[in-house]
Protein chains: 2
Amino acid sequence: MTSRQTRNRDRADRGIPEATVARLPVYLRALHALQERGVSTVSSEELAAAAGVNSAKLRKDLSHLGSYGTRGVGYEVEYLVYQISRELGLTQDWVVAIIGVGNLGRALAGYGGFASRGFRVAGLLDADEAIVGQEIAGMPVEHIDRLEDVIAERGVSIAVIATPAAAAQSVCDRVVAAGVTSVLNFAPVVLSVPDGVDVRKVDLSIELQILAFHEQRKAGGPGGYEAAGDGDRPSETAQYVEAVEL
Amino acid sequence: MTSRQTRNRDRADRGIPEATVARLPVYLRALHALQERGVSTVSSEELAAAAGVNSAKLRKDLSHLGSYGTRGVGYEVEYLVYQISRELGLTQDWVVAIIGVGNLGRALAGYGGFASRGFRVAGLLDADEAIVGQEIAGMPVEHIDRLEDVIAERGVSIAVIATPAAAAQSVCDRVVAAGVTSVLNFAPVVLSVPDGVDVRKVDLSIELQILAFHEQRKAGGPGGYEAAGDGDRPSETAQYVEAVEL
DNA sequence: AAGCCTTTGTGAATACATGCACGAAGTCAC
DNA sequence: GTGACTTCGTGCATGTATTCACAAAGGCTT
């Protein structure tokens, strides 16, 4: 099964830079859009524009997968879609479980962007008895007690954690113990996992905070108004509550 | 208003690396957790562990804001919270409008992590007549026609776009024309904006695709099974639909 | 079939980020 | 006050990512 590992792909494939991997889905999306418009061939310049990157960067990124372009012409859209999909592992189906069916979990369960890319949501789990049994996006919410069973029975390989922060680490421990090695975490905590397990984090408020930083910068430096520097230290900030519900 | 731009802050502040800015919210969160546990002082080693980073990196990051630590002791939690908050611009309130009140927009409207960090949701807008008028998280959904009015009247400075992909660019153009210079985009498209406008993107499916890539890697190379390389090029991939509803 | 034109793929230069390792600066005990 | 000890702040080396710029490669026209 793992026989022909590094067969084709001479030096490509081994060690595709992370930064490149992170951009491949963006290229893929742009390519799909072109495909729908009936475009069959695209230059690095055009595709780069559609993806919002520099064309040299795009070419270098693609060169990591192999040489799939034709000089003087560009890239064949359909073929490139296939190559990137394959590289990203989207030619196979991935079985996903969503743990935590609050507002966000619900949104994720109904998100069309998953199913269309080979991600099959095979389980919705929650600890809240009031939610268990409800049907969300055509699928019943199951009790968190069944977590290990669901993972084993349905071959879940990716866990999406959308629980409150307080529950996230223990849920994570359980899915990892059950054999899951890829976790997508929406809870606002840093999860610790053993080596060999990948965790990616999506944090809705971190992005806003980064925007706020730049926005403030445009308006003229941090603490620009009122006492800047080491003024009164507020003691009211302690009322932040991390137990936000997702 | 832009008068005292680069005033205080000698060499700090100017040019805090992006990578550092992106980590500050994580540190802040870890610090809040410590604060709740009554910890008043923390070493770089401890805080780094809580934030999931290397301690040297943490110290270097913090050094960009100034020297707020005490050698031999560590950092005073409360003071550091204040300094980071100030640097990120969280000591002032930011007025946010959420455009697109589908599943995701609803989840965002109810997300506790915004309000607790100085982000005030002052408007929910949607084009769907069936949704307009509904009350979400204690706030009425208004018609998208009122977008410019809402932005102007309430002083919206950050727009959160959670519309379907097809609507995102035109919504973006409108908020930018109305004077907004910070956009958080959840729609799966690359938005183009004039210079001076910041766009950050949160893409739920991109993260999954990155996980899939690594997961596949663990299992033994891309396309490891079946015809690898340049086999049959599927023509069915064209049925991807980008008009996912958010 | 020869030459022109376009566009790729990549070497080299630059910029950015990470992590080590250690001197400097402070605290605490006595 | 003095010395031992802890921990910060940072110079330097290493690694990673981006961008430029151009030669090599192919198609297209005549």
- prompt: What one-letter contact string describes nucleotides 12-19 of chain C from 5' to 3', where B marks a base within less than 4.0 Å of any protein heavy atom, S marks contact via sugar-phosphate atoms alone, and - marks no contact?
  reply: B----SSB
Within the sub-3.5 Å range, which N or O atoms of nucleotides 26-30 of chain C have a protein N or O partner, and how far apart are they?
none

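In this structure, A:E46 atom CD and C:dT8 atom C1' are separated by 14 Å, rounded to whole Å. The separation between A:H64 atom NE2 and C:dT8 atom C1' is 15 Å, rounded to whole Å. In this structure, A:E45 places its CD atom 8 Å from P of C:dT8, rounding to the nearest Å. In this structure, CG of B:L58 is placed 16 Å from C1' of C:dC20, rounded to the nearest angstrom.
Partners of B:E46 by side-chain contact (heavy atoms from CB on, under 4.5 Å), not counting sequence neighbours, listed by chain and number: B:V42, B:S43.
Here B:Y75 does not reach the OP1 or OP2 of D:dT6: none of its side-chain N or O atoms lies under 4.0 Å away. Neither OP1 nor OP2 of D:dT7 sits under 4.0 Å from any side-chain N or O of B:S44. Within the structure, a side-chain polar atom (N or O) of B:S67 is placed less than 4.0 Å from OP1 or OP2 of D:dG9.
Looking only at side-chain heavy atoms (C-beta outward), B:L62 and B:L80 come within less than 4.5 Å of each other. A 4.5 Å side-chain heavy-atom check between A:R29 and B:S205 finds at least one atom pair inside the cut-off. Inter-residue side-chain proximity for A:F186 and B:L204 is flagged as met; some heavy-atom pair is nearer than 4.5 Å. Taking the side chain as every heavy atom from C-beta outward, B:F119 and B:L90 approach each other to under 4.5 Å.
Residue A:L191 is tested with A:V171, A:D173, A:V183 for a side-chain contact (heavy atoms from CB on, under 4.5 Å); the sole match is A:V183.
A donor atom on one side chain and an acceptor atom on the other are not found under 3.5 Å apart for B:Y82 and B:E78. If you check the side chains of A:E215 and B:T181, you find a donor sitting under 3.5 Å from an acceptor.
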